[in-house]
Amino acid sequence: MASQLPHVEPYSQGNARIRNVEPMKEGKWVELRKVDWTDEDGKDRVWEMAARKTTSKGGIDAVAIAAVLKQPNGHPPRIPIILQYRPPIQNICVELPAGLIDEGESPEQSGIRELYEETGYGGKDFEGRIKVLEVGSTIVSDPDPVPLANSPGLSAANMSLVTLEVQLKEGEEEPKPHLDEGEHIDVRLVPVMELYAHLQAFEKLGYTVDARLHHYAAGIELAKKLTGNPGSAQLYLSDAGLLGSSLIPSTFTPKITVHATYPSFGNVQPGSTYAVSETQDEPTVSFNAPAGQPEAKYTVVLADPDAPSREDPKWGPYMHFALADVVPGQAAGTTLVGYMGPAPPQGTGPHRYVFLVYAQPVDRTPELGRDAEDRPKFDVAKFAKDNELDLVGATFYYAENK
């Protein structure tokens, strides 16, 4: 069964509508052109196209902005997307912040300006906290950004994708956009790892998702499914503030890829958020033994370091599951602590639920050193040390009780 789509609020900018549509010979911003050309077979042909009148001297019309909002304390990064009514499609469109490049601007300058105007992230309040990560594509022999064609069969319009990183502060309020008169934009902040699911939710409301944003999100979704190397898990763990935490040492380097599968939605995607109700049934944890160790045994632990909250983890790590004597493909293991589904207190924010896989000595089963029902304040590091366990893999997800 597919995971339930996130709840999204409808567009809140009133009821725009189309009054009339008629042919136009000449426009203020766009012109029509007839193109005489010769195809690959040497045949002369005619093409009709549209072109902007505002293309910059650099040959780039516009920028779209993918701004990764880095939150403090390991909360999942988010990305601002916008909703606005688009007359050509006669519908509300879900898109990345974007805009035309002003005279004399570089794509980087335009991207930072447009992000400030359309979302509020920028200006003096964000000085020193916005970094340009990438501008479009680049060619080694020419450092200038290469624009992307928007609709090459209809128009010469193009744009560059500017990727920014914005560092947020703890407790910082969401800024207000600085819109031009007559501009109506609804800003939404979405976890990067859940972008595709949110776009699907907007589509269910009947909105149109901009193809470029859809492709961007689909790329992230595909990478989540195809990424099978342990190093990628390390990046997710680092972004979530788990490296150097009470569960995972800062020197940890994963040796295996861990897959956790729940009956209600399937595989856990590292860093994704799931409904508490979806995680109540015991998951299956699978992985391949490192090369040359087919008979090795492993211990699996699931713990929440954020109990009862991220700000006050006095009960953490909270033990949710422990399984020993696991032999990949051969033995399901011995239950040390029965599975307990996530139950974060209401209003305590997203909790991180972390699966840890340890290589264990083959000649003995690890011992808890306490009652199996004594779940709060479980010292995972001491448990690993006392039983000579070697951490070889990890993955995690978020769950929240709003």
OG1 (Thr284) and CD (Glu282) are apart, to the nearest 0.5 Å, by 7.5 Å

Sorted by chain and residue number, the side-chain hydrogen bond (donor to acceptor under 3.5 Å, both in side chains) partners of Asp374 (sequence neighbours excluded) come out as Arg370

Those residues at least two apart in sequence (or on a different chain) that pass salt bridge (Lys or Arg N to Asp or Glu O under 4.0 Å) with Glu183 are none

side-chain hydrogen bond (donor to acceptor under 3.5 Å, both in side chains) filter on Arg375, not counting sequence neighbours, yields none

Between Gly393 and Val258 the two heavy atoms that sit nearest each other are C-CG2, 3.6 Å

(message) Could you check whether any side-chain heavy atom of Ile101 comes within less than 4.5 Å of a side-chain heavy atom of Val63, counting everything from C-beta outward?
(response) yes

Hits for side-chain hydrogen bond (donor to acceptor under 3.5 Å, both in side chains) against Asn267, two or more places apart or cross-chain, chain-then-number order -> Thr261

TODO: Would you check if Ile185 and Pro177 make a side-chain contact, meaning some heavy-atom pair closer than 4.5 Å?
DONE: no

Minimal heavy-atom distance between Leu389 and Pro361, with the atoms involved, is CD2-CD, 4.2 Å

Rounding to 0.5 Å, atoms OG1 (Thr163) and OH (Tyr216) come to a distance of 5.5 Å

Q. Can you check whether Val8 reaches Leu205 side chain to side chain, under 4.5 Å on heavy atoms?
A. yes

In short, ring pair (Phe, Tyr, Trp, His ring centres under 6.0 Å) pairs touching residues 183-205 with sequence neighbours left out are Tyr196-His214

Point to revise | Side-chain touch Ile81/Leu199, heavy atoms, less than 4.5 angstrom | key: yes

Test salt bridge (charged side-chain N to carboxylate O under 4.0 Å, His left out) on Arg129 and Glu172; report intermediate values, then the result. CA-CA 13 Å; Arg129 293 196 280 148; Glu172 189 169 36; 2.8 Å; yes

Residues at least two apart in sequence or cross-chain that pass ring-ring contact (aromatic ring centres under 6.0 Å, His included) with Phe287, listed by chain then number, are Tyr298

Residues pairing under salt bridge (charged side-chain N to carboxylate O under 4.0 Å, His left out) where one sits in residues 86-99, two or more places apart or in two chains, turn out to be Arg86-Glu95

Next on the checklist: For Asp379, I'd like to know if atom CG has over 12 heavy atoms of other residues, nucleotides or ligands within 6.0 Å.
Outcome noted: yes

**Request:** Please confirm whether the backbone N or O of Leu83 pairs with a side-chain atom of Asp186, one donor and one acceptor, at under 3.5 Å?
**Result:** no

Here the salt bridge (charged side-chain N to carboxylate O under 4.0 Å, His left out) pairs for residues 112-124, sequence neighbours left out, are Asp102-Arg113, Glu105-Arg113, Arg113-Glu117

Handout entry: Test item: Arg352 and Pro305 side chains (from C-beta on) under 4.5 Å apart, heavy atoms
Key = yes

Fill in: Close aromatic pair by centroid cut-off 6.0 Å: Phe378 and Tyr318
no

Is there a donor-acceptor contact under 3.5 Å linking the side chains of Tyr398 and His351?
no

Is it true that Arg45 and Asp36 have a side-chain N and a carboxylate O under 4.0 angstrom from each other?
-> no

Check whether Gln90 reaches the backbone of Pro87 with its side chain - one donor and one acceptor, N or O, closer than 3.5 Å. no

Separation between CG (Leu96) and CG (Leu213), nearest 0.5 Å, reads 4.5 Å

- Query: Are Leu356 and Leu247 side-chain neighbours, meaning at least one heavy-atom pair lies under 4.5 Å?
  - Reply: yes

TODO: Using modelled atom types only, decide if a donor and an acceptor are shared between the side chain of Tyr207 and the backbone of Tyr11 within a distance under 3.5 Å.
DONE: yes

Charged N to carboxylate O under 4.0 angstrom, Asp39 versus Lys43?
no

Phe321 meets the ring-ring contact (aromatic ring centres under 6.0 Å, His included) criterion, sequence neighbours left out, with Tyr339

- request: Could you tell me whether the side chain of Ser264 and the main chain of Glu278 form a donor-acceptor pair under 3.5 Å?
  value: yes

With a sphere of 6.0 Å drawn around CD of Glu367, does it hold more than 12 non-hydrogen atoms of other residues, nucleotides or ligands? no

Worked check of side-chain contact (heavy atoms from CB on, under 4.5 Å) between Val301 and Phe355: CA-CA 6 Å; Val301 167; Phe355 289 93; over 6 Å; no

Expected output: side-chain Ser245 to main-chain Leu242 donor-acceptor under 3.5 Å: yes

request  = Begin from the C-alpha positions of Val68 and Val166 and carry the test side-chain contact (heavy atoms from CB on, under 4.5 Å) through to its verdict.
outcome  = CA-CA 6 Å; Val68 180; Val166 183; over 6 Å; no

Contacts of Asn15 meeting side chain to side chain contact (heavy atoms under 4.5 Å, CB included) (sequence neighbours excluded), chain-then-number -> none

Sequence neighbours excluded, the answer for side-chain hydrogen bond (donor to acceptor under 3.5 Å, both in side chains) partners of Ser250 is none

In terms of heavy-atom contacts, Thr365 and Ala324 come closest through CG2-CB, 4.0 Å

Task: Plane angle bin for Tyr397 and Tyr274 - parallel if under 30°, tilted between 30 and 60°, otherwise perpendicular - done: perpendicular

All heavy atoms of Ala98 vs all of Ala64, minimum pair found to be CB-CA, 3.8 Å

- prompt: Under the 3.5 angstrom rule, does the side chain of Asp304 hit a backbone N or O of Pro344 as a donor-acceptor pair?
  reply: no

d(Thr395 OG1, Tyr236 OH) to nearest 0.5 Å is 9.0 Å

Does the side chain of Glu194 pick up a donor-acceptor pair with the side chain of Thr273 at under 3.5 Å?
yes

One should read off an interatomic distance between Leu161 CG and Ile65 CD1, to the nearest 0.5 angstrom, of 8.5 Å

- Please assess Thr279 against Tyr353 for the test side-chain contact (heavy atoms from CB on, under 4.5 Å), listing each intermediate value before the final yes or no. CA-CA 10 Å; Thr279 57; Tyr353 292 89; over 6 Å; no

Value for CD (Glu174) from CG (Leu168), rounded to nearest 0.5 Å, stands at 10.0 Å

Side-chain contact test, heavy atoms from C-beta onward, threshold under 4.5 Å: evaluate it for Tyr358 versus Val380 and give yes or no. yes

Heavy-atom neighbours of Lys70 NZ exceed 12 at 6.0 Å: yes

Review point. Checking Thr119 side chain against Leu115 main chain: does a donor-acceptor pair fall under 3.5 Å?
Key: yes

Closest heavy-atom pair, Tyr116 versus Gly122, reported as atoms and distance to 0.1 Å, is CD1-C, 3.3 Å

| Looking only at atom types and distance, does a side-chain atom of Thr335 sit under 3.5 Å from a main-chain N or O of Gly338, one as donor and one as acceptor? | no

Exercise answer: donor-acceptor pairs, residues 21-32 side-chain atoms, under 3.5 Å, sequence neighbours excluded:
unit_1: Glu22; atom_1: OE1; unit_2: Asn20; atom_2: ND2; d: 3.2
unit_1: Glu26; atom_1: OE2; unit_2: Lys53; atom_2: NZ; d: 2.6
unit_1: Glu31; atom_1: OE2; unit_2: Arg33; atom_2: NE; d: 2.8
unit_1: Glu31; atom_1: OE2; unit_2: Arg33; atom_2: NH2; d: 2.8

Sub-4.5 Å side-chain heavy-atom contact between Thr299 and Leu323
no

